[in-house]
Amino acid sequence: MRRNILIRIGYILIIPLLLMAIFTLASTGFSFASSYIVLSQTMLPLVMAFGVSFTFVVGIFEMSVGAQVILSAVVGGILCRYLGFPGLVIGAVGTGLLCGAAMGAVYRFLKIPTMVISLGMLMLFEVIAQALTKGSGYVSLESEISSMGTPPYNFVIAGIAGVLFYIIFHKTKFGHGIRALGCNDYVAVNLGLNNNKLKFKTYLIGGMFYGIAGILSICYAGSISAKMDLGSLSMMFPPIISVLIGLQLKNIVNVFPVTILIGAYSVTVLASGMIAVGLPAPMQDFVTGIFMLVVMIISTNSAKLGKLFDRRKLLNRLNKAAE
Amino acid sequence: ARPADGGGQETPAAGSDAAEETDGGASFSVGFLDQSGEAPPVVRMREIIRGVVESAGGELICDTSNEDSAEAQVNACEKLISAGVKGIIMTPMADSILPSIISMCEENGVYLAITFRNIGDEDVAKIVEASEYYAGNCYEDEEMAGYNVMSDAFEKNPDIKQVALIALAVGDNTSDARVAGIQKACAENGAEVVAEVRDIQQASDATEAVQNFVAAYPELDCIAVASCYENSAITALPEAIKGTGLTADDICIVSCDGGSDMTKLFDYGYAISVGGGHLEIDRGATAVMLVNAIQGNPLGTPAHISIPYMYFGSVEDVGDYATYVEGEIPIWTQDEIRENLLISQNSALAPEDVISYIQNYSLDDLRTRHADLAG
Amino acid sequence: MKNSGAKAKTIKNGLPFIGLISVIVILEIASGGQLLTSRNISTLVNEVFVLMIGASAMVFLMAQGNLDLSMMANLAVSCVLAVKAAQVNPLLAIPVGIGVGTGIGAVNGVINAKCKIDSFITTIGMSFVLTGLVTILLDNQGSIAGPMEMLSWNSTELRIVVLACVAAVGYILFEYSKLGKYCKAIGSCEEAARQSGVNVDKVKIITFMITGGISGLLAFFSILRTGTATSSVATNTMFNILIAVLLGGVSITGGSTSKFRAAILGSFTMAFLAVGMTICNVDTTIQQLIRGAILIGIVYLTYDRRGIAIIK
Amino acid sequence: MEKKDVILTVNGMDKSFGATKALKNVGIEIYRNEIHGLIGENGSGKSTLSSIIAGMQKCDEGTMEYCGRPYGPANIFEAEKAGIAMVGQEQNTLEDISVAENIFIGKEERFQSGPIVNSGKMNREARTVLDGLGLGKIKAEEQLKHYDFEQRKLVEIARALYDRPELMIVDETSTALSKYGREILYRTINGLRDQNKAVLFISHDIVEIMAVCDRVTILRDGEIVCTLPKEQYDSHTMKQYMVGREIEENYYRTDYENRLTDEVALRAEHINTEVLKDVSLELHYGEILGIGGLTDCGMHELGQVLFGLRRPVAGSVCTGDGTPLKNPSVALKKKIAYISKNRDKEALMLSSTILENICLPSLDKLKKGLLVTPGAEKAFALKYADLLSVKMDRITQNVMYLSGGNKQKVAVAKWLGTDADIYIFDCPTRGIDVGVQSDIYDLLERLRKKKKAILMISEELPEVIGMSDRILILKDGSLTAEIGRSKNTTENTLIHYII
Ligand SMILES: Nc1ncnc2c1ncn2[C@@H]1O[C@H](COP(=O)(O)OP(=O)(O)OP(=O)(O)O)[C@@H](O)[C@H]1O
Ligand SMILES: Nc1ncnc2c1ncn2[C@@H]1O[C@H](COP(=O)(O)OP(=O)(O)OP(=O)(O)O)[C@@H](O)[C@H]1O
Ligand SMILES: [Mg+2]
Ligand SMILES: [Mg+2]
């Protein structure tokens, strides 16, 4: 039994280890020693991915991830000027919650598709962040406070988020509810679950994680810039890829925050590794796309590949029996 | 002389003089293919154009739907023409879109002025320059800027061997030209560009880039910024380098882009060359060129104005830059514009005077002109 | 009883049009009558061209519950190769553009249908690949120019004809042909469609090839208008196409409530907004605010919730 | 008889869905210590009534009294708290979560300490419930998708039973169960009755109703016709009350002739899958071939293999002319029809209209040139909906809102429309009322006479015996017997081979 678990853990570590091995061999500078830096870079997409996973699991299309993170960071940064670090936390997390509540309310009361909500609200969030940063276009922090975005503090913040995520996703009634709703919402509602309430909470909790991600994001570099014209969209890709990988790995080890971490870590290793081997930028895009597709194809079809293997065994057995 | 009425008539000579500044309502409008967002340089570039246009009694219409693609730029021009503008200021994404745009302009009697660019394609240049509605262009030698900034760095520190690059996405002319200049300087000095990161959107991306550079190339000597959408990303570099445990003695920063917040770069210490400051003047000069053309006083047939690049090498320079370029004071006051740049307002001006006034622009020029304003 | 039901139905069916019409009326008034002038026809046509043709193809995919976010990256790649072909012979641009586009669409289709990867992921992944590929194909140049003569092929009349054809063919295919009905069936319940003898994989691949081919066609028209292929990928246009279809009232889950008119109504609403707000010289930040509010507002008013137990 | 103790009274209940009046002034009394049967035609309102009692929806008009107190649950949890639980006819389980989570969905707070749900405790509790039902094979922590149709239904029964309900409603559940499952079900409801509790039992199987229920209430078009005590049971009159007209008693085939041709329609050779072991069979034109067995014997899988839905590991399926059946679209071209047992997820597009469902496989037939006109579609759909007397508001109604039996009729109608030559029907009369059942048997017979080939997979042995020219029995994936048509075949003969 114990052995079994070790094997499973080994199994889910394959992707990041493989990537690190490749890049260590292919470049001079990159080595397993770089993993600490990479891990530190992983914290931001990781916390965003926590938020994304709720909406993803429950079947909501959510594209305003980046806009919510930016808006939270902007508000947090502004409050930080008056109240210091607590202001940052209250501002960012509060804004995240407000964003989530706003989206949830739109879903609940206007009854429109989630994709529309996410794109419409994304535009509004961008405008608000823009209005709040009018003048400089960005909000910056004093460097003592922004050190909260560097190790070990960012590990602590992400760690708290991770524990929170684990409890909410795996251990609460809400977590059970959204997983049920994600399987088949029609049946779940028939069984008495309240779709509107659960989706509202999903948006709310997603927003909370985007708020935490907002803290990490503004601390990490000391400043955050507002984006317009859907410019915040691209921020959603790393967390989404992380969640996808995490979901696949979750079938092997059912601890979602850990498998998301591995997903996010793989994505970050890939990005750093490509820089380390000196790939020109267009090639970096190209490889990222290919990586994403290949990982998805292999992981989605691995069960099928396994079946093919079983099939072969069965055939052999049949052939033997025939002889 | 009074601001002219550019509307209604379609000949280039339309209402070169007279026409009252109507009660509040503008007498003509100018379209500008703007960048989206409210980043400070973007706002300053927009405002200097607005300053020129409004000094001449016009109104500015901005369009931000044009950043997406070449086709979006053509569409944006068409939209602005529909909105009734008399002139368009743009930075074309590719030379080849200019023939279609200039023919639209000709059909509707709208002037075109190009900012930040030269027309490199000779066939295109021939077609465009033959048009009476092409007012001209303002440009900088970007490759030279990249080369100069990088060479300066080598002068201060000949030991630079490994350079990491931060630039805009491949395809952006300015950034590409500066990269070419940087690479040329590196090649001449026996250094190598070992890694690159492009299309940085947030300060956090820059921090991440630095960490990755350092992790991959422990021997790295220099981070060269050809261009970046976000000044805040450039100013995040020193902190990021410190965060990796290295100091200015290990890695220097070279940037062709910059602003007053670059003091952080200088505080960081060590061989740094920052160039910048041309953004406002280039946009402003293009607006001057266009407005004069609309009012029947073209600066050339067409005009080509080369804008001097502004280099600053010390904290003082940066401080002055903050005061005179980025501060409250515009690079040209309304009075200066009327007095020295708009022929319709000061008939004593000759086109050459206007151009030389523009090209006289430098930090020293600003210090002398605006010392009293800075007070 | 029956009568009032029928009336309610007509009102519900009319609502999407009311959205578009009110946008036009408000902008016409706000611009002091400048919106609907003859000069603007060509502006509108050009603004709506990419949106509507793209949306017309996208609506087939969305009826299946799929989407293609790689259309504009596909366009960029097709455009580069079409320009390279045009340098040999301008006429080659059409087959090469459409061919490349369709080929890329087929790759999307195979990954989605055969490898069972969600279309959102498939096409995001592909758009990364293609974005890299454009620059690689351009050999790190920002752009390459096509033959100048192609610019003279461009005309508003041609575009109007093409628009009309795409709308007509799209409408007929979507509402009256097997393809359209199969797409809706797949969106409604994929397994049931398969068990009714629909070759689901084939239909999906064909639809992706259509959106791909349409990207190629748009690439050709982009060359006519700009004379060039650039490395920029029109990500915003991509999302505007998506927004147009959503604005028209198609839900991303697809199914039998999907209507082709969504593509037309949505893209015209978007185009009128874009042109109208520029004419009215609305501040660009406010423009985005208005767009967001209109998207939510119009969908709220016009979304057909009949037969949808739970909105996704 | 002694005075009965009333547990639930329903008075003057009305319920409409748009123009449809599903219930009209319904009144019913259910006693403790009884199993109360509820029968009626498809769409007569049985499920509507029972789902209102179970708190799944609200009535428009009317009152309920439960244990002597007014009762009106706002949702399913309130009903359950009060002691009323229901096993619905549709599949109401979630595949991607564990068995335990399915059993305790919405009731996680019972295992909560603070905000945290103790899943270990939940699994242990689920284990106890499952063991109580004799479902040792089902693991509490395993995802439900690893279990088959019947086992999922049994999990639903476990869920309903967990709270030891005072009144349990069982809506058309037995058709989803094999003999084994039914025995568990009967044991359960008999147990409840013996504990002085009550059961409301809905089924279309009159024989079953007569055997199981102590009293039976008959619904017709949303109105109560009468309630009969056990002494007055008579299948003929009960059917008449349901349908409102005289119907033939004997609706199976009456002839004992053999198949009409020897021409092979479909040939399967040495089929092996995870379940099936070396199954070979030939289906001929002009015959009804019945397949019988337990639900997990592989017979449903066999249907899928024959339609090209599932690729066998070894072996081949081809039509009489030798075309291999690779996938369902080839099958459709070869004029083969197939109805899955899993009606809601596979046989029908629930969120599409009746029209779209019926026309989908026949589009090739309907199109003129390249296009399909709406007029032609409508006429076609109406024709086949009428043929099976689907009870609906209009042809463009969503299938989702039809009653269970009427959904099944739509699934049959859609394939009749294709004019297929070969029909593979997996449990074709599932949930269909007696009146329409006899129509369907009639139809099968007519198809047979037209020399079509029919393969009927069914758990209802009387149906298999009554209709088939030949019967194949599957057991644990292998064919164990082939039985020709004869007067002497009885259920017991078959059961002998099945178990
Ligand atoms: N949600 C709904 N919306 C519209 N009509 C409905 C809805 N639910 C039930 N109906 C209609 O109400 C009537 C009664 O349906 P109900 O499901 O109660 O019948 P039933 O007796 O259970 O039939 P069956 O034996 O086929 O299950 C049917 O005509 C059905 O179409
Ligand atoms: N609120 C609702 N929303 C959507 N659909 C509903 C709703 N209520 C009931 N239905 C549908 O209406 C139908 C009611 O009939 P139901 O399924 O209960 O029939 P049944 O009697 O259980 O089936 P059978 O006839 O096979 O015994 C169901 O199929 C259900 O899907
Ligand atoms: Mg029912
Ligand atoms: Mg029923």
Side-chain angles (χ1 to χ4, degrees), chain A residues 23 27-31 33-38 40-41 44 66 69-70 73 126 130-131 133-140 143 146-147 149-151 216-232 234-235 268 271-282 284-285, chain B residues 35-43 64-68 162 164-171 192-220 229-233 235-240 242-244 259 261 264 326:
Chain A
F23 289 125
S27 80
T28 46
F30 196 89
S31 68
S34 318
S35 48
Y36 182 68
I37 294 171
V38 175
S40 157
Q41 293 174 354
L44 175 58
V69 171
I70 291 179
E126 282 189 352
Q130 179 75 67
T133 56
K134 203 149 191 128
S136 68
Y138 63 88
V139 175
S140 58
S143 62
S146 67
S147 68
T150 54
L216 284 178
S217 147
I218 190 171
C219 286
Y220 184 50
S223 71
I224 188 100
S225 308
K227 288 280 160 217
M228 284 286 283
D229 276 353
L230 311 185
S232 62
S234 58
M235 281 173 82
T268 323
S272 322
M274 286 191 301
I275 293 169
V277 295
L279 273 191
Q284 291 177 20
D285 278 336
Chain B
Q35 284 165 264
S36 68
E38 301 283 328
V42 173
V43 173
T64 50
S65 71
N66 64 82
E67 291 174 282
D68 227 19
Q162 291 192 346
L165 193 66
I166 291 177
L168 302 189
V170 176
E192 193 194 351
V193 175
V194 289
E196 66 173 31
V197 166
R198 286 177 185 259
D199 209 11
I200 279 180
Q201 297 280 353
Q202 278 292 358
S204 56
D205 297 340
T207 307
E208 198 174 315
V210 169
Q211 293 177 345
N212 291 334
F213 287 151
V214 172
Y217 301 96
E219 302 287 290
L220 195 72
Y229 298 116
E230 293 294 336
N231 270 356
S232 63
T235 48
L237 293 177
E239 280 298 325
K242 280 183 204 154
T244 63
D261 33 14
K264 281 195 188 156
E326 295 190 342

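For the numbers below, each heavy atom of this structure counts, side chains included, while hydrogens, waters and symmetry mates do not. All chains are named by letter (A, B, ...) in the order of the sequence lines, taking the proteins before the strands, and each is independently numbered beginning at 1. In this text, all values refer to a predicted model and were calculated from it rather than measured experimentally.
- Across B:Ala215, B:Ala195, B:Ala206, the residue that shares the most heavy-atom pairs under 4.5 angstrom with chain A is B:Ala215.
- Contact of A:Val38 with chain B is not made at all, since no heavy-atom distance falls under 4.5 Å.
- Smallest separation of non-hydrogen atoms from A:Tyr220 and B:Glu208: OH-CA, 3.3 Å.
- In terms of heavy-atom pairs under 4.5 angstrom with chain A, the leader among B:Ala209, B:Ser36, B:Ala236 is B:Ser36.
- Contacts with chain B were tallied for A:Glu126, A:Lys134, A:Met274, A:Lys227; A:Lys227 has the most, counting heavy-atom pairs under 4.5 Å.
- With a 4.5 angstrom heavy-atom cutoff, A:Leu216 does not touch chain B via any of its atoms.
- A:Ala221 and B:Thr207 make their closest contact through CB-OG1, 3.2 Å (heavy atoms, listed as atom of the first residue, atom of the second, distance).
- For B:Val197, the part lying under 4.5 angstrom from a heavy atom of chain A is the side chain only.
- Separating the CD atom in B:Gln202 from the OH atom in A:Tyr138 is a distance of 12.0 Å, to the nearest 0.5 Å.
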Side chain to side chain contact (heavy atoms under 4.5 Å, CB included) between A:Gln41 and B:Asn212, intermediate numbers included: CA-CA 9 Å; A:Gln41 293 174 354; B:Asn212 291 334; 2.9 Å; yes

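- In this structure B:Glu196 satisfies the salt bridge (Lys or Arg N to Asp or Glu O under 4.0 Å) test together with B:Arg198, sequence neighbours excluded.
- In this structure, the portions of B:Thr64 lying under 4.5 Å from any heavy atom of chain A include both its backbone and its side chain.
- Considering CG of A:Asp229 and CG of B:Asp68, their distance stands at 8.5 Å, rounded to 0.5 Å.
- Interface summary for chain B: among A:Ser223, A:Ser225, A:Pro151, the most heavy-atom pairs under 4.5 angstrom belong to A:Ser225.
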